[in-house]
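First the structure, in the form of structure tokens, and then the observations on it.
The analysis underlying the following values was restricted to heavy atoms, covering all of them including side chains, and did not include hydrogens, waters or symmetry mates. Atoms within a ligand are numbered from 1 in the order they appear, just like the ligands themselves.
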Amino acid sequence: VNELAAGNLEAAEFVRELKTIVGSAQVFAGDAIDPRYRRDLLGKFPGRPGYVVRPASVEEVAAVMRLATASGLPVTPLGGRSGTVGGTRGVDGGIILSLERMNSIREVDVSAHTMTVEAGVVLQAAQEAAEAQKLLLPLDLGARGSATIGGAIATNAGGNRVLRWGMMRDMVLGVEAVLADGSIVRSLGKVLKDNAGYDWKQLMIGSEGTLGVVTAAVLRLRPLPTTSQTALLALDSFDKMPDLLRRLEGRFAGTLSSFEAMWGPFYEFVSEAQLIRRPRPMRTGHPFYVLIETLGAQAERDRSLFEEVLAEAIENDLIADAVIAGSERERINLWAVREELREAFRSLHPVVGFDISMTLADMPGVVTEVEANLPSVLKNPIALFYGHAGDGNLHIVVSLKDGGAGAEHAVELVVYSAVQRVGGSVAAEHGIGRERLEFIGYTRSPEELALMRRIKSALDPLNILNPGVLIPVK
Ligand SMILES: Cc1cc2nc3c(=O)[nH]c(=O)nc-3n(C[C@H](O)[C@H](O)[C@H](O)COP(=O)(O)OP(=O)(O)OC[C@H]3O[C@@H](n4cnc5c(N)ncnc54)[C@H](O)[C@@H]3O)c2cc1C
């Protein structure tokens, strides 16, 4: 502990002060820190935090921040560690501030259609609490079992239903946060409309822990859909994808909730890897597959409209084939091809993953360019393409197995150059973190970056909140 001297305070004294704030059992220092706090999810950014502290209230968070400001020690807020861009690594010798104990669901207000939750509530727990009141928290993503509401706010998480209900930003009505100097700012109102001056909470959303620690939020809920219709579609050309999407949106009149695209090789690879557990839902060989889902409230009417619209799409030659889930089990099996990727990707490791966005019309050009340029930086490249296509969000996974030193960076240059050419984003939903710091300028202009720095220095003049994340040092 001694070598981790905390600014002006001796480390042992610093630990004592932290323990006074949160209790002795909630402070860990040096070698006593559990390994899970030393690495990010993908293990790309191992770190050596000096302290881990687990406050249980906003007042405790504020006191920790005051102490951090006094000592000049950097603080990294930590949610469920499901972020994929190294945002939770922290600074060596700094403080990891885990929100895991702030996990209470304070209220589900059925009449106002809102829920008030602490930042450490796990997304799935929040979803289930809403469902118990026949309400829907629309945010949904593969990491639902570990991602927290605070982390989802800090990364403005997206996921599988953005097409219909938007990203986290669209669900946040109120935020309580602690600023770098320890001041508590609270706006936990439940109203939809509030134009009383700057909407400061928007600064917290998507700021990746660099502007404040989110401690609680009010989230907007929707009526719980009671029926779902899910299908896997095959397309013989990408040109048909935008037309298909717009037609489905029109015909399903606002109930289309997911539109997930998979390129043929991705579908073949993942469904092959899953064969030991489940049958392949549709034959391989089509160039594109799309998983669609509508969520509604009228079982028979929704079903017949779903079948009618897909039959029309086949007649109009928009889709080449369709498999409709006939039961919840079949629905889960269809989603598994798109969502259960960890095991399937294991044989490709090490990999580099991308989460980029562009218009749907620009997507095939970007894919073609990336495929054409990868052989110049990788021997026998394996690249798989899929994503939340309804939102213009493309994921790419590239195996680095045959790559040498520098291969990852070379692949990043290939992908991000293609994104820059079409005016897309290098970070559609997972954020910048540490991983993409070098590439934020491919999407943001120098003037935008200068504005971001001004905001950062206004709210965090000592640069103690998650330094090294989101904004490159000049
Ligand atoms: C299998 C899988 C699927 C995923 N799918 C999606 C997807 O579809 N869409 C999507 O958007 N993301 C997705 N993600 C990424 C990830 O789940 C989200 O970014 C999630 O919102 C992070 O939440 P977390 O609680 O795990 O945050 P963490 O990983 O703990 O932290 C993420 C960042 O937020 C900051 N932070 C965390 N909590 C707070 C807080 N209370 N106050 C201030 N800052 C904080 C951290 O410092 C860090 O910079 C996926 C991840 C996995 C592993």
Side-chain angles (χ1 to χ4, degrees), residues 36-37 39-42 45 47 49 55 58 61 65 74-91 94-103 117-126 139-162 166-169 175-180 201 203-217 258 260 338-345 353 355 357 386-388 391 393 395 397 427-437 460 465-471:
R36 75 177 186 277
Y37 298 110
R39 61 194 292 277
D40 67 304
L41 176 75
L42 302 179
F45 297 92
V58 63
V61 173
M65 289 311 304
V75 175
T76 293
L78 183 68
R81 279 191 341 119
S82 69
T84 57
V85 289
T88 57
R89 179 214 186 270
V91 172
I95 304 170
I96 299 282
L97 191 158
S98 168
L99 280 299
E100 67 202 277
R101 292 173 67 226
M102 294 187 62
N103 60 0
V117 296
E118 291 185 342
V121 170
V122 170
L123 171 59
Q124 191 169 344
L139 182 73
D140 192 37
L141 37 89
R144 63 182 77 76
S146 53
T148 62
I149 296 301
I153 291 175
T155 57
N156 187 25
N160 301 330
R161 299 170 181 162
V162 172
M167 298 182 71
M168 194 58 177
R169 193 181 296 285
V175 163
E176 176 190 80
V178 176
L179 303 184
K201 70 175 177 296
L203 284 178
M204 298 295 144
I205 303 169
S207 65
E208 300 184 43
T210 62
L211 298 181
V213 183
V214 175
T215 49
S258 302
E260 301 288 318
R338 169 62 185 83
E339 272 207 327
E340 287 179 22
L341 307 179
R342 225 172 156 169
E343 271 306 305
F345 285 169
D355 154 47
S357 63
Y386 62 108
H388 311 294
D391 322 325
N393 185 177
H395 293 318
V397 165
E429 51 177 18
H430 294 200
I432 294 293
R434 289 175 189 279
E435 172 119 5
R436 298 173 181 155
L437 207 52
D460 181 16
L465 270 170
N466 223 359
V469 166
L470 197 147
I471 308 179

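Of the charged side-chain nitrogens involved, none lies within less than 4.0 Å of a carboxylate oxygen, so that Asp40 and Arg434 do not count as a salt-bridged pair.
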Determine, stepwise, if the pair Asn160 / Glu339 fulfils side-chain hydrogen bond (donor to acceptor under 3.5 Å, both in side chains). CA-CA 10 Å; Asn160 301 330; Glu339 272 207 327; 2.7 Å; yes
Evaluation steps, side-chain hydrogen bond (donor to acceptor under 3.5 Å, both in side chains), between His430 and Glu435: CA-CA 10 Å; His430 294 200; Glu435 172 119 5; over 6 Å; no
Assess whether side-chain hydrogen bond (donor to acceptor under 3.5 Å, both in side chains) is satisfied between Asn466 and Thr76, documenting all intermediate values. CA-CA 5 Å; Asn466 223 359; Thr76 293; 2.8 Å; yes
Determine whether Glu100 and Arg36 satisfy the following criterion, salt bridge (charged side-chain N to carboxylate O under 4.0 Å, His left out), listing intermediate values before the conclusion. CA-CA 13 Å; Glu100 67 202 277; Arg36 75 177 186 277; 3.4 Å; yes
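By heavy-atom distance, the residue among Ala177, Ala143, Gly150, Ala119 lying nearest atom 39 (C) of ligand 1 is Gly150. Of the candidates Gly431, Ser207, Ala154, Ala154 brings a heavy atom nearest to atom 45 (C) of ligand 1.
Any N or O atom pair closer than 3.5 Å counts here, and Glu208 shares at least one such pair with ligand 1. Polar contact with ligand 1: present for Glu429 (N/O pair, distance under 3.5 Å). Where the criterion is an N or O separation shorter than 3.5 Å, residue side chain and backbone included, Thr148 meets it with respect to ligand 1. At a 3.5 angstrom cut-off on N or O pairs, Gly83 counts as close to ligand 1. At under 3.5 Å, not a single nitrogen or oxygen of Asn156, backbone or side chain, sits near a nitrogen or oxygen of ligand 1. Polar contact with ligand 1: absent for Ala147 (N/O pair, distance under 3.5 Å). Inclusion of Ser146 in the set of residues having an N or O under 3.5 Å from an N or O of ligand 1 is not warranted. An N or O contact shorter than 3.5 Å is missing between Leu78 and ligand 1 by distance.
Distances from ligand 1 to the non-hydrogen atoms of Gly212 include at least one value under 4.0 Å. For Val469, the closest heavy-atom approach to ligand 1 does not fall below 4.0 Å.
With rounding to the nearest 0.5 Å, the separation of OG1 in Thr215 from CE in Met204 is 10.0 Å. Distance check, rounded to the nearest 0.5 Å: CD1 of Ile432 to OG1 of Thr155 gives 12.0 Å. In this structure, Leu470 CG and Ser207 OG are separated by 7.5 Å, a value rounded to the nearest 0.5 Å. If you take CG on Leu78 and CD1 on Ile95, they are separated by 13.5 Å, rounding to the nearest 0.5 Å. To the nearest 0.5 Å, atoms CZ (Arg169) and CG (Asn156) are separated by 4.5 Å. To the nearest 0.5 Å, atoms OG1 (Thr88) and OH (Tyr37) are separated by 11.5 Å.
Against a heavy-atom cut-off of under 4.0 Å, Leu41 is close to the following atoms of ligand 1: 53 (C). Interface of Gly158 with ligand 1, defined as ligand atoms under 4.0 Å from a residue heavy atom, comprises 9 (N), 10 (C), 11 (O). Of all the atoms in ligand 1, the ones that sit under 4.0 Å from a non-hydrogen atom of Thr155 are 18 (C), 19 (O), 20 (C), 21 (O), 32 (C), 33 (C), 34 (O). Atoms of ligand 1 lying under 4.0 Å from at least one heavy atom of Ala152, given by number and element, are 21 (O), 23 (O). When each atom of ligand 1 is checked for a heavy atom of Thr88 under 4.0 Å away, the hits are 28 (P), 29 (O), 30 (O), 31 (O), 48 (C). Shown in contact with Gly209 at under 4.0 Å from a heavy atom are these atoms of ligand 1, numbered in order with element: 43 (C), 44 (N). Remark: ligand 1 atoms within the under-4.0 Å shell around heavy atoms of Ala157 are 11 (O), 21 (O). Atoms of ligand 1 found under 4.0 Å from any heavy atom of Gly87, numbered from 1 in the order shown, are 47 (O), 48 (C), 49 (O).
Under 4.0 Å from ligand 1, the heavy atoms of His388 that appear belong solely to its side chain. Looking at Leu99 against ligand 1, only its side chain comes within 4.0 Å, counting heavy atoms. By the criterion of a heavy-atom distance under 4.0 Å, both the backbone and the side chain of Pro77 are placed next to ligand 1. Only the backbone of Arg81 comes within 4.0 Å of ligand 1, judged by heavy-atom distances. Of all the heavy atoms of Asn466, the ones lying under 4.0 Å from any atom of ligand 1 belong exclusively to the side chain.
Closest protein heavy atom to atom 6 (C) of ligand 1: His430 NE2, 3.6 Å. For atom 42 (N) of ligand 1, the nearest non-hydrogen atom of the protein is Val214 N, 2.9 Å. Looking only at heavy atoms of the protein, atom 24 (P) of ligand 1 is closest to Gly80 N, 3.4 Å. For atom 27 (O) of ligand 1, the nearest protein heavy atom (residue, atom name, distance) is Gly151 CA, 3.5 Å. Distance from atom 5 (N) of ligand 1 to its nearest protein heavy atom, with residue and atom name: Leu141 CB, 3.9 Å. The closest protein non-hydrogen atom to atom 20 (C) of ligand 1 is Ser82 OG, 3.6 Å.
No donor-acceptor pair under 3.5 Å is formed between the side chain of Asp460 and the backbone N or O of Ala180. No side-chain donor-acceptor contact under 3.5 Å links Ser258 to the backbone of Arg161.
Taking both residues in full, the closest heavy atoms of Thr210 and Val469 are given as CG2-O, 3.6 Å, listed atom of the first, atom of the second, then distance. Shortest non-hydrogen contact noted between Gly431 and Asp355 is N-OD2, 4.3 Å. Taking every heavy atom of both residues into account, Asp391 and Gly159 meet most closely at OD2-O, 4.0 Å. Contact record, Ser98 with Pro55: O-CD, 3.4 Å, taken as the closest heavy-atom pair. In terms of heavy-atom proximity, Gly79 sits nearest to Thr148 at CA-OG1, 3.6 Å.
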